[in-house]
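For reference, the structure discussed in these notes is given below.
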Amino acid sequence: MRVHGLTSQALAALGISNTTEVVYNPDFDTLFQEETRPELEGYARGTLTQSGAIAVDTGIFTGRSPKDKYIVRDDTTRDTLWWNDVGNGKNDNQPLSQETWQALKDRCTAQLSGKRLFVIDAFCGANPDTRLSVRFVMEVAWQAHFVKNMFIRPDEAELASFKPDFVVMNAAQCTNPDWQAQGLHSENFVAFNLTERMQLIGGTWYGGEMKKGLFAIMNYLLPLKGIASMHCSANVGKAGDVAVFFGLSGTGKTTLSTDPDRQLIGDDEHGWDDDGVFNFEGGCYAKTINLSEKAEPEIYRAIRRDALLENVVVRADGSVDYADASKTENTRVSYPIEHIENIVQPVSKAGHAQRVIFLTADAFGVLPPVSRLTPEQTQYHFLSGFTAKLAGTERGVTQPTPTFSACFGAAFLTLHPTQYSDVLVKRMEAAGAKAYLVNTGWNGSGKRISLKDTRAIINAILAGELDDVATVTLPVFNLQMPATLAQVDDAILDPRRSWPDEAAWHEAAQGLAQRFVTNFEKYTDNDAGKELVQAGPQL
Ligand SMILES: Nc1ncnc2c1ncn2[C@@H]1O[C@H](COP(=O)(O)OP(=O)(O)O)[C@@H](O)[C@H]1O
Ligand SMILES: C=C(OP(=O)(O)O)C(=O)O
Ligand SMILES: [Mn+2]
């Protein structure tokens, strides 16, 4: 049978048999109809909200599940991939045998066989020479909607010649009963095979596994070609000045890059090649907890028809209670990037970055709201990736938890962290880019730095104000903090002033410095790493 341009034979080639119907690359209106069909049950069914956006619940999983993530260890990956059982750095890349992979694949194809399926063909990566053509296969309409929002939507001509070079089989509705005998973490699985170029998903409905899963694949392929692959948002000012904002989940990438005065390139995943910075995605995935139109008007207004809300509480009248975290702290919305007014069109790309901002959410209140980094400090802090895991984005994380997440995205790295810093440093040197460390977390009195203050700080950085301002050196960390900024209250710039007294800050700073030193030991098995230690905090 041939429906909407894709044959069930194409699925049979993947091992999915007896497909009753293929809903191929449905448009948004079709997805709207599909995800609100009255006969849908459980998590499959979406609810229409007042704004026109559909709201869904993602089930048991309302965040990623890194402990259920596996990658097949074979000739392709054995010597290149950053494994969690090789070397001295812990990470989330657990090896999987070919045999277990095959068993998981059989489960997925069995689950997806004999069904009416959704297939979305989309690109990951804005540049034809480095993009992945990805085919997503799933049973659930809103999961198809999610990837349609998040990945780059091909035009008619691109679809006509679309040849998938990566396949995602999302069998969220099946689990793996054999997990114990196979030595896996649970009945849920998120598995990758770089040789077959395929991802398998079982047990978890959370769409972030597909989004961040493909990011992990780009993180493997691009640095090996000398292209930076970055967990960052990016935007470009009127003068063509490009800024990138690195940061772990919840540190402000999406919020701070969505700036009415600057064109958005993308909110989460980018590459940096010889031509400049380019988006991997075609949509944004914003946090909605405590969202207000006043504080984040562009994101608030992006939530309309075709946007997809996750795990929010919808009132009887169809309005959304963004303050309600009863399902999860990690409430979300995905929307096509065109829902933001000021974006780079038609392709999400721009020139080389001039400013590189590291967003960190320091739960200890030690780091200053903003500091200027030397090239050595840039490398040191990039490799350290100090921040906090915020509640909800990973299973089991319920309060801000200090962490060192290499390259501000350790969970998505598939190569050793130094491979990302090497490429980034080269790109930054060639572009003459400057780096800044911005703390969007807490100060010494336990208060989160306000979004208003952080926005003013970002504006100051982007206006070049930080580059020739008089600075004060923060002891222990040797960070250069501006003494004053035009639009920011001077009193907040020095973190010591937010503590009862300087001694209290000093004690906390020593504690954090010790954590930095211990964490960085894993990089000191060579001369380059040893040298970088001087750029970090000194005990
Ligand atoms: N000072 C601040 N800077 C940035 N975001 C802040 C700040 N204070 C509170 N927030 C909130 O923190 C969250 C940041 O989330 P988001 O921008 O989606 O992070 P990311 O894209 O890095 O995952 C938003 O909900 C935002 O409203
Ligand atoms: C989607 C995620 O990331 P971010 O919050 O950085 O957008 C995630 O970590 O699952
Ligand atoms: Mn984000």
Side-chain angles (χ1 to χ4, degrees), residues 230-234 243-248 250-253 255-257 353-388 390 400 402-410 417 420-421 424-425 428 433-444 448-449 451 453-467 469 471-483 485 488 492-496 498 505 508-509 512-513 515-517 519-520 532-538:
M230 314 180 286
H231 190 216
C232 69
S233 58
V244 296
F245 307 74
F246 282 90
L248 201 63
T251 55
K253 294 182 300 297
T255 299
L256 298 169
S257 60
Q354 276 92 61
R355 307 208 191 266
V356 172
I357 297 169
F358 296 156
L359 303 173
T360 174
D362 173 17
F364 293 113
V366 166
L367 296 178
V370 59
S371 54
R372 218 162 65 185
L373 300 177
T374 65
E376 293 72 29
Q377 285 176 329
T378 303
Q379 278 191 63
Y380 181 89
H381 284 281
F382 188 64
L383 285 173
S384 296
F386 169 70
T387 187
L390 299 196
T403 185
F404 288 90
S405 184
C407 313
F408 300 100
Y420 301 91
S421 68
L424 180 66
V425 163
M428 285 183 65
K434 296 194 168 83
Y436 311 83
L437 185 64
V438 170
N439 177 11
T440 63
W442 290 263
N443 68 19
R448 190 160 181 190
I449 294 155
L451 183 51
D453 283 331
T454 300
R455 285 206 207 273
I457 284 167
I458 299 290
N459 288 342
I461 293 173
L462 299 175
E465 204 185 326
L466 264 284
D467 300 336
V469 73
T471 59
V472 178
T473 304
L474 185 71
V476 186
F477 283 84
N478 286 320
L479 291 167
Q480 299 299 115
M481 319 179 285
L485 289 175
V488 184
I492 73 155
L493 292 174
D494 188 329
R496 291 171 292 186
S498 67
W505 174 85
L512 179 56
R515 288 181 187 241
F516 266 90
V517 169
N519 172 67
F520 208 80
L532 279 181
V533 169
Q534 293 162 35
Q538 305 298 313

Checklist entry - Quick one: does Val488's side chain get under 4.5 Å of Glu465's, heavy atoms only? => result no
Item to check | Heavy-atom closest pair, residues Pro402 and Phe386 | outcome: CB-CE1, 4.3 Å
Item to check | Ile457 and Tyr436: CA distance, side-chain angles, deciding distance, side chain to side chain contact (heavy atoms under 4.5 Å, CB included) verdict | outcome: CA-CA 11 Å; Ile457 284 167; Tyr436 311 83; over 6 Å; no
Item to check | Side chains of Met481 and Leu474 in contact at under 4.5 Å (non-hydrogen atoms) | outcome: yes
Next on the checklist: For a quick test of reading the model, state the closest non-hydrogen atom pair linking Met428 to Ala435 and the distance between them.
Outcome noted: CE-CB, 3.9 Å
Item to check | From CD1 (Ile461) to CD (Gln354), nearest 0.5 Å | outcome: 14.0 Å
Item to check | Flag, side chain of Gln377 to backbone of Asn478, donor-acceptor distance under 3.5 Å | outcome: yes
Next on the checklist: Determine whether a donor-acceptor pair (N or O, by modelled atom type, separation under 3.5 Å) exists between the side chain of Ser405 and the backbone of Ala410.
Outcome noted: yes
Item to check | Pair Leu532-Phe520, side chain to side chain contact (heavy atoms under 4.5 Å, CB included): steps then yes or no | outcome: CA-CA 9 Å; Leu532 279 181; Phe520 208 80; 3.9 Å; yes
Item to check | Pairs satisfying salt bridge (Lys or Arg N to Asp or Glu O under 4.0 Å), at least one member in residues 358-383, at least two apart | outcome: none
Checklist entry - Can you name the ring pair (Phe, Tyr, Trp, His ring centres under 6.0 Å) partners of Phe382, sequence neighbours left out? => result Phe246, Phe358
Next on the checklist: Val476: which residues meet the side chain to side chain contact (heavy atoms under 4.5 Å, CB included) condition with it, sequence neighbours left out?
Outcome noted: Trp505, His506, Ala509, Gln510, Ala513, Pro537
Checklist entry - What pair of heavy atoms forms the shortest contact from Ala363 to Ala388, and how long is it? => result CB-CB, 4.2 Å
Checklist outcome for this item: In short, Leu383 meets Ser421 closest at the heavy-atom pair CD2-OG, 3.7 Å
Checklist outcome for this item: Residues passing the side chain to side chain contact (heavy atoms under 4.5 Å, CB included) test with Thr454, sequence neighbours excluded, are Leu256, Val438, Thr440, Ile449, Ile458
Item to check | Residue list, salt bridge (Lys or Arg N to Asp or Glu O under 4.0 Å) with Asp453, at least two apart or on another chain | outcome: none
Checklist entry - Shortest non-hydrogen contact from Gly252 to Leu359? => result C-CD1, 3.6 Å
Checklist entry - When rounded to the nearest 0.5 angstrom, what is the spacing between CG in Leu466 and CG in Leu485? => result 5.5 Å
Checklist entry - Hey, does the side chain of Thr251 reach the backbone of Leu248 with a donor-acceptor pair shorter than 3.5 angstrom? => result yes
Next on the checklist: Restricting to non-hydrogen atoms, name the atom on Asn443 and the atom on Ser498 that form the minimum distance, rounded to 0.1 Å.
Outcome noted: CB-OG, 3.6 Å
Checklist entry - For Gln538, does the CD atom sit with more than 12 other heavy atoms under 6.0 Å from it, leaving out its own atoms? => result yes
Next on the checklist: With side chain to side chain contact (heavy atoms under 4.5 Å, CB included) as the criterion, how do Leu424 and Gln379 come out once you've worked through the C-alpha distance, each side chain's angles and the decisive distance to 0.1 Å?
Outcome noted: CA-CA 9 Å; Leu424 180 66; Gln379 278 191 63; over 6 Å; no
Item to check | Test ring pair (Phe, Tyr, Trp, His ring centres under 6.0 Å) applied to His381 - qualifying residues, sequence neighbours left out | outcome: Phe516
Next on the checklist: What verdict does the side chain to side chain contact (heavy atoms under 4.5 Å, CB included) test give for Phe364 and Arg515, after you've listed the backbone C-alpha separation in whole Å, the side-chain angles of each residue and the deciding distance to 0.1 Å?
Outcome noted: CA-CA 12 Å; Phe364 293 113; Arg515 288 181 187 241; 3.5 Å; yes
Checklist entry - Is there a side-chain contact between Phe477 and Val366, using heavy atoms and a 4.5 Å cut-off? => result yes
Checklist entry - With side chains defined as the heavy atoms from C-beta onward, is the minimum distance between Thr255 and Arg455 less than 4.5 Å? => result yes
Item to check | Any Val425 side-chain heavy atom under 4.5 Å of Thr378 side chain | outcome: no
